[in-house]
Protein chains: 2
Amino acid sequence: MAVTIKDVAKLANVAPSTVSRVIANNPRISEKTKRRVREAMEELGYHPNYNARSLANRSTQTLGVVMPSSADKVFQNPFFPEVLRGISTKAHENEFTLYMSTGSKEEEILDAVKGMVHGRRVDGIVLLYSRIDDSIMKFLKEEQFPFTVIGKPFKYPDEVTHVDNDNFRAAKDVTEHLIERGHERVAFVGGQLDLVVTVDRLSGYEKALREANLTYRDEYIVHVEFLKEGGHEAVMELCSLEEPPTALVVADDLMALGIMSKLDEIGLSVPDDISIISFNNVMLAEYASPPLTSVDINIFQLGYQAVTCLLEKIEDAESSNKRVCVPHKLVERWSVKTL
Amino acid sequence: MAVTIKDVAKLANVAPSTVSRVIANNPRISEKTKRRVREAMEELGYHPNYNARSLANRSTQTLGVVMPSSADKVFQNPFFPEVLRGISTKAHENEFTLYMSTGSKEEEILDAVKGMVHGRRVDGIVLLYSRIDDSIMKFLKEEQFPFTVIGKPFKYPDEVTHVDNDNFRAAKDVTEHLIERGHERVAFVGGQLDLVVTVDRLSGYEKALREANLTYRDEYIVHVEFLKEGGHEAVMELCSLEEPPTALVVADDLMALGIMSKLDEIGLSVPDDISIISFNNVMLAEYASPPLTSVDINIFQLGYQAVTCLLEKIEDAESSNKRVCVPHKLVERWSVKTL
DNA sequence: TTTAAAAGTGGAATCGTTTACAATAAGAAA
DNA sequence: TTTCTTATTGTAAACGATTCCACTTTTAAA
């Protein structure tokens, strides 16, 4: 069997409790015994058992990460690896490890999450997305389990700690950017309408239009499930309008890619025939032809800050709920033309 | 505090051991008591504590997932979400959960892995990549800890269970595909040379060339770190040769995207000026302009099978090492022209 | 010196399960 | 009846840590 704290204690001629204190580097143990115990640990190749530790401790030093349904196309978005990088960086800095929940159906994921919290597998949870009426967020809230969400909670945003961009503002900015460059017919292509980020960006777009006194047309608002077919239909609709848009605000780089592919197919060129600005600025935005003008939302920071908040919440359950706003910035490339 | 097995026992008027047996659905407990105990669990809202369970059990019902360095650009490849989907599907089917290791430096990841195995946090590990001389694989092998690799281990492939495509064959196939279509000058653009998959694909390419009696030229072999700059240099080199290639075998869809972006920039069109075939067939391949002809390597299956093997290994540590080969298939789109 | 406080360790209970080993009751066979 | 199975449940010891509460020694103060 594995070597335990008792074996170490025996070899070092101390009590198990002493060994435990050495592990925790408790100042009440003399340097001399510490040295002796450490040598014993070294000699035996001792490693603490985390399960035992968690049990005694009532803390796991691990964080749960809840991704969207893996059946969902969103799952493939490079947003997630990048946000994960932010999460794991901060987690690692604080010696926390990550536990992942996945599932293909919403209910499956909810079960997994329930398992995490009831089974005491994690000390806190990061929700990587925010949907309207999300059962998982509801559950976490009811249980009063420490969690943070990336994106803005639809209901009661004040009651749950979250980190988000100012998506309303960002969308307004890019729409104005387009308007300033002479575009008067700009359309909006959004993703799943049940994602809060979609509705935020949509309202930013609308606001910009209104402020510029441009007519707002329902036909210019289109939603794409991010599936190829859906995207293509949407593009066709838009292009076959009597007054087709001269510019597109697209809620996601990947969607923009799909749209450009279709545009290319029907012989329209970006940015000469139509301009595009999208969001997220994932690596791919740079690889597109032409490279995409995109809003950098600092995905890494979203993840990093989410964990920062979560750790605070774990530390002090009573700490008040926060909202962290990660700044965005427009990265101009070649998909926008000045009219 | 949380409700424990003892509380349930008290309410149901049985011993804790009985409750435990009811949880395990042990046939030696009468249906009557089972019912009674279950009611008690229901009433109290009981949920087993996984840490305690793992401790007593010496098994965690969780699998470790080792990703490549998050600092690495590869990390962003849609390959990973998809392989994760396969992994989590199979894991879920068997009521296993996932534990994730990440880190930005190789050593950091190794530490994390050591933590997983020594700390008894997981019952087995899936390695999502195979590199030449990988310290993590070495460690796992020395420890004789159950693990499987996605991709082919460079050293001692017979001694470690792995699931892979026949990458040699796949590369040979696509190269021949190009040759059959009249291409005589076909170049190879590979990724990091320390990934085994790269060298396998490279040798398949070479073999096809040799068998077709085409001259093999060093200048036609190029490796790209997948970073934009590197990719661009490579493209420039290739295109400025006296006899530039008419077709490219590119080891990864994403790389192909980057290359096409550069090609577009310097005014070369795919497939009219140059044909491209790439690997993996991630969703993006379809979104490219033009849509990419790509080898579908069935990423989902890679993940699914890796877990299947791993579970066998966990079940029976003595089981012999396996190699599972997941079939590939060429998906033709519009990036190849017949000369 | 005597006494009080501080420093350093050890003992034993505890965290919430599982499981080997009894123990009891009920039914079948003799 | 008595005895032997068999079915069902209970007891108590792990699993491998942490931590509260003593208990010695020292050291400092009186």
Side-chain angles (χ1 to χ4, degrees), chain A residues 1-38 40-41 44-62 95 97 115-123, chain B residues 1-41 44-62 95 115-123:
Chain A
M1 243 320 56
V3 15
T4 79
I5 214 173
K6 286 182 193 165
D7 303 319
V8 176
K10 209 164 290 169
L11 180 61
N13 243 306
V14 296
S17 51
T18 303
V19 178
S20 173
R21 291 192 181 100
V22 173
I23 294 172
N25 201 16
N26 188 316
R28 290 177 39 171
I29 301 293
S30 72
E31 282 307 323
K32 205 171 63 179
T33 25
K34 276 186 184 172
R35 214 173 307 124
R36 195 148 43 90
V37 170
R38 290 200 177 112
M41 302 203 304
L44 297 176
Y46 168 79
H47 293 276
N49 179 314
Y50 275 92
N51 285 309
R53 187 180 267 218
S54 297
L55 184 57
N57 249 349
R58 285 88 169 295
S59 102
T60 61
Q61 292 284 113
T62 105
E95 297 184 293
T97 55
M116 300 210 273
V117 351
H118 287 145
R120 300 242 156 353
R121 279 172 185 283
V122 301
D123 295 339
Chain B
M1 238 330 49
V3 15
T4 79
I5 215 173
K6 287 183 191 163
D7 303 320
V8 177
K10 209 164 291 170
L11 181 60
N13 243 307
V14 295
S17 53
T18 302
V19 178
S20 173
R21 291 192 180 101
V22 172
I23 295 172
N25 201 19
N26 187 318
R28 290 177 38 171
I29 300 294
S30 71
E31 282 307 323
K32 204 171 67 183
T33 26
K34 276 188 184 171
R35 212 172 309 123
R36 194 149 42 91
V37 170
R38 289 200 177 111
E39 273 165 18
M41 300 201 307
L44 296 177
Y46 168 79
H47 292 276
N49 179 315
Y50 276 93
N51 285 309
R53 189 180 266 218
S54 296
L55 185 57
N57 251 350
R58 285 88 167 293
S59 103
T60 60
Q61 291 284 112
T62 107
E95 298 184 292
M116 299 212 269
V117 349
H118 287 145
R120 300 241 153 0
R121 279 172 185 280
V122 300
D123 294 339

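All chains are named by letter (A, B, ...) in the order of the sequence lines, taking the proteins before the strands, and each is independently numbered beginning at 1.
- A straight line from CG of Leu55(A) to C1' of dC15(C) spans 4 Å, rounded to a whole angstrom.
- Within 4.0 Å of Asn13(A), counting heavy atoms only, lie sugar-phosphate atoms of the nucleic acid but no base atom.
- Taking atom NZ of Lys6(B) as the reference point, atom P of dC15(C) lies 6 Å away to the nearest angstrom.
- Between Asn57(B) atom CG and dT17(C) atom C1' the separation is 8 Å, expressed in whole Å.
- One N or O on the side chain of Asp123(B) and one on the backbone of Thr60(B) form a donor-acceptor pair closer than 3.5 Å.
- One can place OH of Tyr50(B) at 15 Å from C1' of dT18(C), the figure rounded to the nearest angstrom.
- Between Ile29(B) atom CD1 and dT24(C) atom C1' the separation is 14 Å, expressed in whole Å.
- Looking at the side chain of Arg58(B), the nearest of the listed nucleotides dG16(C), dC15(D), dA17(D) is dC15(D).
- One N or O donor and one acceptor, one from the side chain of Ser17(B) and one from the base of dT11(D), sit under 3.5 Å apart.
- The main-chain N or O of Arg28(A) is found under 3.5 Å from a side-chain atom of Asn26(A) such that the two form a donor-acceptor pair.
- Heavy atoms from other residues, nucleotides or ligands lying under 6.0 Å from NZ of Lys34(B) number more than 12.
- In this structure, Asn49(B) places its CG atom 13 Å from C1' of dT18(C), rounding to the nearest Å.
- In this structure, Thr18(B) contributes its side chain and Ala9(B) its backbone to no donor-acceptor pair below 3.5 Å.
- Residue Lys34(B) is the one, among Lys34(B) and Ala56(B), whose nearest nucleotide of DNA chain D lies closer to the 5' end (criterion: closest heavy atom).
- In this structure, the CG atom of Asn51(A) is 14 Å from the C1' atom of dT18(C), given to the nearest Å.
- Residue Ser30(A) places no side-chain N or O under 4.0 Å from the OP1 or OP2 atom of dA7(C).
- Here dG16(D) is the nucleotide among dG16(D), dT9(C), dG10(D) with the atom lying nearest to any side-chain atom of Ala52(A).
- Contacts of Arg28(A) with the nucleic acid, taken as non-hydrogen atoms under 4.0 Å apart, include base atoms.
- Using a 4.0 Å heavy-atom distance criterion, Ser20(A) is classed as a base contact.
- Put simply, the side chain of Asn51(B) gets close to the backbone of Arg120(A): a donor and an acceptor are under 3.5 Å apart.
- In this structure, the CD1 atom of Ile5(B) is 13 Å from the P atom of dG10(D), given to the nearest Å.
- Using a 4.0 Å heavy-atom distance criterion, Val19(A) is classed as making no nucleic acid contact.
- Backbone-only contact: Thr33(B) has heavy atoms under 4.0 Å from sugar-phosphate atoms and none from a base.
- Looking at Arg21(A), its side chain has no donor and acceptor atom pair within 3.5 Å of the base of dG8(C).
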